[in-house]
Amino acid sequence: MNYQKNIIKNGVTVHKIDTSKFKTNLFAIFITTPLNRATVTKNALVSAVLRRGTNTFPSQELISKELEEMYGASFDCGVDKNDDNQVLKFYIESINDDFLPEKYNLNEKSLKLLVDIVTNPLVENGGFKKEYVEQEKYTLKQIIDGKIDNKARYALDRCIEEMYKNEPYGLYKYGYSEDLENINEVDLYKHYLDLISTCKIDVFISGSNMSNLNENEILAEFNERIANYTTITNKYLINEIKDPKEVIEKMDVTQGKLMIGMDALKVSEEQRAAASVYSVILGGGANSKLFQNVREKASLAYTAGASYIKAKNNVIIRCGIEIKNYEKALSLIKDQLKQIENGEFSEDDINSAKQLILASYKNISETQDGEINYYYAQELADKFSSIEENMKEISAVTKEQIIDIANKIQLNTVYFLTGLE
Amino acid sequence: MKIIDCSKIQEKAYIEKLDNGLKVIIVPKKETNKKYIIWGTNFGSNDNRFIYPETNEEVIVPDGVAHFLEHKMFEQPDGSNSLDTLMALGLEANAYTTNDHTAYLFESSDDESFYKGLDEFMDYVQSPYYTDQNVEKEKGIIGQEIMMYDDDPGFQLYLDTLKGLYEKHPMRIDVAGSIETITGIHPDILYKCYNTFYNPANMVLVASGNFEPEMFLEEIKKRLKNTKKIENVTRIFEEEPEHIYQDYIEKTMSVSMPIFMIGIKDKVVAPEERVKRHMAIEVILGLLIGKSSSLFKELYEKQYIFGETDFEYEFSKNYAHVLISGQSNNPQIVQNMLKTEVQKLKNEGINHDDFARIKRKIYGDFVTEFNEVSSISRMFLADSIKDINSFDYVEKYDEITEDYTTKVLNEVFNDDKMVLSVVKGN
C-alpha cells in the first residue's frame with residue numbers, strides 16, 4: 001500500500017501518500033474542531049487571517065512573492081464541515097523537482113511555508129495584526145452575505161439548515177455576519193491559541209521523491225499540546241421520524257430550485273453501501289430515475305439528481321425547475337420514490353448504479369486532493385476501510401437491500417427557492 | 001505517428017493526420033490507470049454563417065444551434081441514449097460546446113469498460129439522428145439550461161463584456177442561444193450543420209492516459225466510418241472593427257456585492273505568434289494585478305476589491321481579448337487604478353526581479369496542467385483548434401524576454417480598447 005500514517009505528537013497525525021501519478025506534490029494541514037454556534041465564525045475568520053502573514057513573511061504580498069519564486073506553488077485554504085466537525089484546510093501544491101529546469105528542493109520549502117502559515121502567525125501587541133483582522137472580517141462578511149449568489153448551492157445549504165435547525169450540522173460553515181462585529185484581534189488570537197492546542201491536526205504529504213524530506217523536523221514547530229478534541233462521528237446515527245415541513249423562499253430568480261431533504265431511518269453502518277446504491281438509482285447519473293423521468297421524459301428540469309450524505313444518513317434531491325412546474329415536479333419525484341419502494345427497478349439499473357460508484361472509487365487515487373480527503377474521512381470514521389473493501393461492499397448490495405432502504409426513507413424537508421411574483 | 005518530445009517536462013505527444021483528414025493526438029501517461037478520450041469538431045457558436053458544401057448555398061443558422069446539436073448527438077434510432085449507455089458502463093461521459101468547438105468525451109479507469117465505451121462513443125458521434133419529436137423535446141430541457149444561466153451573475157457578466165468588446169462578431173451571442181432562437185431549430189438545420197462540420201477533416205481526436213499510441217491509433221481507425229472528406233469549410237464573418245463597441249455595460253441582478261469584468265480587445269495574430277503573446281500577456285497580468293503586485297495589495301487593503309481577482313487571455317483563430325474580473329463595491333475605481341498602473345508600467349519599464357519571478361510561476365502553472373489526463377486532453381484539443389501546439393508553452397518559454405513583453409504591453413494594454421462590465425445588486 002502506498003499509504004502510511006504516524007502519530008508524531010499528541011493530536012498530530014502525519015499521513016504520507018506515495019504516488020508518482022502527478023507532476024506536483026501536495027502538502028495539506030487539516031484542523032478539526034467541533035462545529036458550534038459560539039465558535040463557527042471565529043474559526044472561519046482564523047483561517048482567513050492566518051493566510052495574511054507570518055512572522056517570517058509578514059504580508060500576503062511577501063507570501064505571494066515566495067510562492068511565485070517557488071515556481072508558482074499554490075497556496076489555498078478553506079473551511080468545510082464534516083459531520084459535526086468544522087474543518088480548516090490549508091494546502092500548498094508545488095512542482096516535483098524532477099520537472100523543474102533546476103534543482104530547488106521545493107518539498108522542504110513547501111512544507112515549511114505551510115507549517116509557518118498555520119503555526120507562526122504575525123503577532124503584534126498580543127494579538128493578530130489589527131489591520132488584517134479588520135480586513136478579513138470585511139471579506140468574510142462578503143462571503144457570508146454572498147451565499148445568495150450561487151442559487152443552487154444556496155438552496156442546498158438552506159435545505160440542510162432547515163433539516164438541522166438548532167443542531168451543529170445546520171450551521172453555515174463560514175459562520176454568521178452578526179458575530180463579526182464583536183470580534184477583535186486580541187480575542188481572536190486567544191481563540192486561535194486555544195484552537196491550535198486543542199484541535200485535531202492532520203498533516204498530509206502526497207507525491208514522490210520525498211525521501212530527503214525530514215518532515216518530523218519541520219513539524220516540530222507544533223508545540224506540545226493538550227489536544228483533547230476527539231472528533232465527533234455519529235457512528236450509528238439513527239435518524240428519528242420528524243414531521244415533514246415545506247419551506248418556500250422568494251428571491252429574484254428565473255429558475256426555481258427544488259430541494260428535498262430526506263432521512264434514511266434506522267440505517268446502520270453496514271447498510272450504508274446499499275443506501276449509496278439507492279441514491280444513485282434515484283438520482284446519480286443519466287440513468288437515474290430522476291434524470292430519466294423528470295428531465296428526459298417530462299422536460300421539467302435541466303438538473304435533476306440526488307446525493308447521499310453518509311455521515312448524516314440523508315438523501316437530498318436537487319432540481320432546477322421552471323417555477324410554474326413546482327407541484328408537477330414534486331409529484332413526479334414522489335412517484336419515483338414510490339417506484340423504488342415497490343421494487344420497480346431492474347438489475348440493469350442496479351448494475352449501472354454500482355458501476356458509477358465503483359468508477360468513482362477507482363478515481364480517488366487519480367487526484368491528490370481526492371486521495372487526501374479519502375484518508376481523512378477514514379481518519380474521522382475511526383475505522384479504516386480501504387478503497388478495495390468499500391468497492392467489495394458496493395458490489396455485494398442486493399435488490400432486497402435497496403428496497404429495504406427505500407422503505408426507510410422519510411421526507412424531512414421540501415425546500416423551494418422561487419421567484420418574487 | 002509523428003512524435004513531439006517535450007523532454008523538459010518528460011511528456012510526449014503522438015500525432016497522426018489520417019487519410020480522411022482526422023487529426024489524432026495521443027499523450028500517453030503510463031503512471032495512471034485512467035484513459036481519457038475527447039473528440040472535438042471545429043464548430044462552435046461562432047460558426048453561425050457558412051457555405052453548405054452540398055449545394056454551395058449560404059446558410060445562416062439560429063443562435064444556439066451548435067449547442068443544441070451537441071445535446072441531440074446522444075439520441076439513437078433505437079430509442080436509446082448514448083450518454084445513458086456510457087454511464088451504465090460506469091464511465092464518466094460528457095459533452096460541451098464553446099465559441100469555437102464542440103467536444104464529446106468519456107473516461108475510465110477500467111480497460112474492459114473503456115473499450116466497450118469506445119464502441120458506443122465513436123458510433124454515436126458518427127451517427128446523427130434528429131426527428132421532429134426528439135428535437136421538440138430538447139427545447140424544454142435547453143430552455144431550462146438557458147434559464148439557469150439567466151440567473152448566473154458570473155455568466156451574464158462575461159456575456160456583457162463580450163457584447164461591449166464586439167460589435168459584429170458572433171462572440172456577442174450566448175453559446176446556448178435564447179428561448180426565442182432555439183424555438184426556430186428543426187432537424188433539417190441540424191443535419192446541415194452536422195454534414196458540414198462533423199466531417200473528419202474538421203475534427204480532432206485527443207486521448208491521454210494509459211495508452212500504447214500506435215496500438216490505440218489502430219483501435220480508432222477500426223471504428224471510423226466512411227465519410228466524405230470536406231477539405232475546407234467556408235465560414236462567413238462580417239468584418240469586426242478594431243475598436244470596442246461599448247465601454248461600459250451594467251446590469252442588475254440578485255448579487256450580494258457588484259461583480260465586474262474588464263475586457264481588453266486584442267487583434268488576432270499569426271498562429272506561430274499566439275503562444276508567445278499568450279505567455280507575455282500572462283506575465284503582464286501577473287505584474288499588474290497578480291497577488292504579489294502593489295496594485296492588488298492596495299485594492300485589497302483599501303477594500304476596493306474583495307477576494308481574489310481572476311485574469312486570463314482568451315483567444316482563438318478570429319478573436320482575442322484579455323479578461324480581468326472580481327468583486328468590488330466600486331468597479332470604476334478599480335478600472336481607473338488599473339489604467340494608472342498600466343501607464344506606470346509603460347513609463348517605468350518592467351522590473352527584472354518581478355519579471356523573472358512571474359515567469360517562473362507561469363512555468364509552474366503550465367506543468368501543473370499535466371497532472372490530469374482530462375486537462376491534458378482538453379488543452380491539446382482547444383489548442384489544436386487554435387492552430388497551436390501545447391508544448392510550445394515550454395519550448396518558447398525562453399523567447400519571452402523583457403523586450404518582447406514590453407512590446408506586447410504597449411500593443412495590447414490601451415485605455416481605448418477597454419470595456420467595463422458590471423452586475424449590481426438590486
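Throughout, protein chains are lettered first and strands after them, A, B, ... in sequence-line order, and every chain is numbered starting at 1. Atom set for the values below is all heavy atoms of this structure, side chains included, hydrogens, waters and symmetry mates excluded.
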Would one find more than 12 heavy atoms of other residues, nucleotides or ligands at under 6.0 Å from atom [atom1] of [X]?
| X | atom1 | result |
| --- | --- | --- |
| A:Lys141 | NZ | no |
| B:Glu312 | CD | yes |
| B:Tyr149 | OH | no |
| A:Arg318 | CZ | no |
| B:Lys424 | NZ | no |
| B:Lys251 | NZ | yes |

Max heavy-atom pair count under 4.5 Å with chain A, selected residue of [options]:
| options | value |
| --- | --- |
| B:Gln327, B:Lys137, B:Lys34, B:Lys30 | B:Lys34 |
| B:Glu92, B:Glu31, B:Glu145 | B:Glu145 |
| B:Lys297, B:Met253, B:Lys29, B:Met148 | B:Met148 |
| B:Gly140, B:Ser294, B:Ser109 | B:Ser109 |

key: Ion pair check, A:Glu102 and B:Arg360, cut-off under 4.0 Å   =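 Judged by the 4.0 Å cut-off on N to carboxylate O distance, A:Glu102 and B:Arg360 do form a salt bridge.
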Shortest non-hydrogen contact from [X] toward [Y]:
| X | Y | value |
| --- | --- | --- |
| A:Asp98 | B:Gln10 | O-NE2, 3.5 Å |
| A:Lys23 | B:Ile9 | NZ-O, 2.9 Å |
| A:Leu356 | B:Met87 | CD1-O, 3.8 Å |
| A:Glu68 | B:Ser292 | OE1-OG, 2.7 Å |
| B:Glu107 | A:Asn363 | OE2-ND2, 3.9 Å |

What option among [options] has the most heavy-atom pairs under 4.5 Å with chain B?
| options | result |
| --- | --- |
| A:Ser299, A:Ser20, A:Ala301, A:Ala298 | A:Ser299 |
| A:Val253, A:Thr139, A:Ile143, A:Leu358 | A:Thr139 |
| A:Gln255, A:Glu66, A:Gln355, A:Lys354 | A:Gln255 |
| A:Pro101, A:Gly285, A:Ala359 | A:Pro101 |

ask   = Counting only N and O atoms by type, is there a donor-acceptor contact under 3.5 Å from the side chain of B:Asp151 to the main-chain atoms of A:Thr254?
value =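 Pair found, side chain donor or acceptor close to backbone of A:Thr254.
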key: Worked check of side chain to side chain contact (heavy atoms under 4.5 Å, CB included) between B:Ile141 and A:Arg295   = CA-CA 7 Å; B:Ile141 296 171; A:Arg295 173 175 150 140; 3.6 Å; yes
From A:Gln142, A:Gln135, A:Glu134, residue fulfilling side chain to side chain contact (heavy atoms under 4.5 Å, CB included) relative to B:Gln303 =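 Going through A:Gln142, A:Gln135, A:Glu134 one by one, the side chain to side chain contact (heavy atoms under 4.5 Å, CB included) with B:Gln303 is satisfied by A:Gln135 alone.
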Which atoms of [X] come close to chain B, meaning under 4.5 Å heavy atom to heavy atom: side chain ones, backbone ones, both, or neither?
| X | answer |
| --- | --- |
| A:Leu67 | neither |
| A:Lys257 | side chain |
| A:Thr303 | side chain |
| A:Thr19 | neither |

Enter the distance from [X]:[atom1] to [Y]:[atom2] here, rounded to the nearest 0.5 Å.
| X | Y | atom1 | atom2 | answer |
| --- | --- | --- | --- | --- |
| A:Ser59 | B:Glu301 | OG | CD | 8.0 Å |
| B:Arg357 | A:Glu69 | CZ | CD | 6.5 Å |
| A:Leu140 | B:Phe306 | CG | CZ | 8.5 Å |
| A:Lys362 | B:Asp110 | NZ | CG | 3.5 Å |
| B:Leu83 | A:Asn287 | CG | CG | 8.0 Å |
| A:Phe291 | B:Asn81 | CZ | CG | 7.5 Å |

Side chain / backbone / both / neither for [X] at chain A, heavy atoms under 4.5 Å:
| X | answer |
| --- | --- |
| B:Asp353 | neither |
| B:Leu89 | backbone |
| B:Glu372 | side chain |
| B:Asp152 | neither |
| B:Tyr363 | side chain |
| B:Lys8 | backbone |
| B:Asn94 | neither |
| B:Glu11 | side chain |
| B:Lys359 | neither |

request  = Write out, in numerical order, the residues from residues 147-156 of chain A with a heavy atom short of 4.5 Å from a heavy atom in chain B.
outcome  =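 Within residues 147-156 of chain A, near chain B: A:Ile148, A:Asp149, A:Lys151.
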ask   = Are B:Thr32 and A:Glu366 side-chain neighbours, meaning at least one heavy-atom pair lies under 4.5 Å?
value =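 In short, these two side chains touch, coming nearer than 4.5 Å.
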ask   = Does a side-chain heavy-atom distance below 4.5 Å link B:Tyr300 with A:Glu61?
value =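 No, every pair of side-chain atoms sits at 4.5 Å or beyond.
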request  = With side-chain hydrogen bond (donor to acceptor under 3.5 Å, both in side chains) as the test, would you mind laying out the steps for A:Tyr302 and B:Gln144 before giving the verdict?
outcome  = CA-CA 5 Å; A:Tyr302 174 67; B:Gln144 286 301 318; over 6 Å; no
key: Verdict with reasoning, B:Asp84 to A:Gln292, per side-chain hydrogen bond (donor to acceptor under 3.5 Å, both in side chains)   = CA-CA 9 Å; B:Asp84 304 352; A:Gln292 283 300 322; 2.6 Å; yes
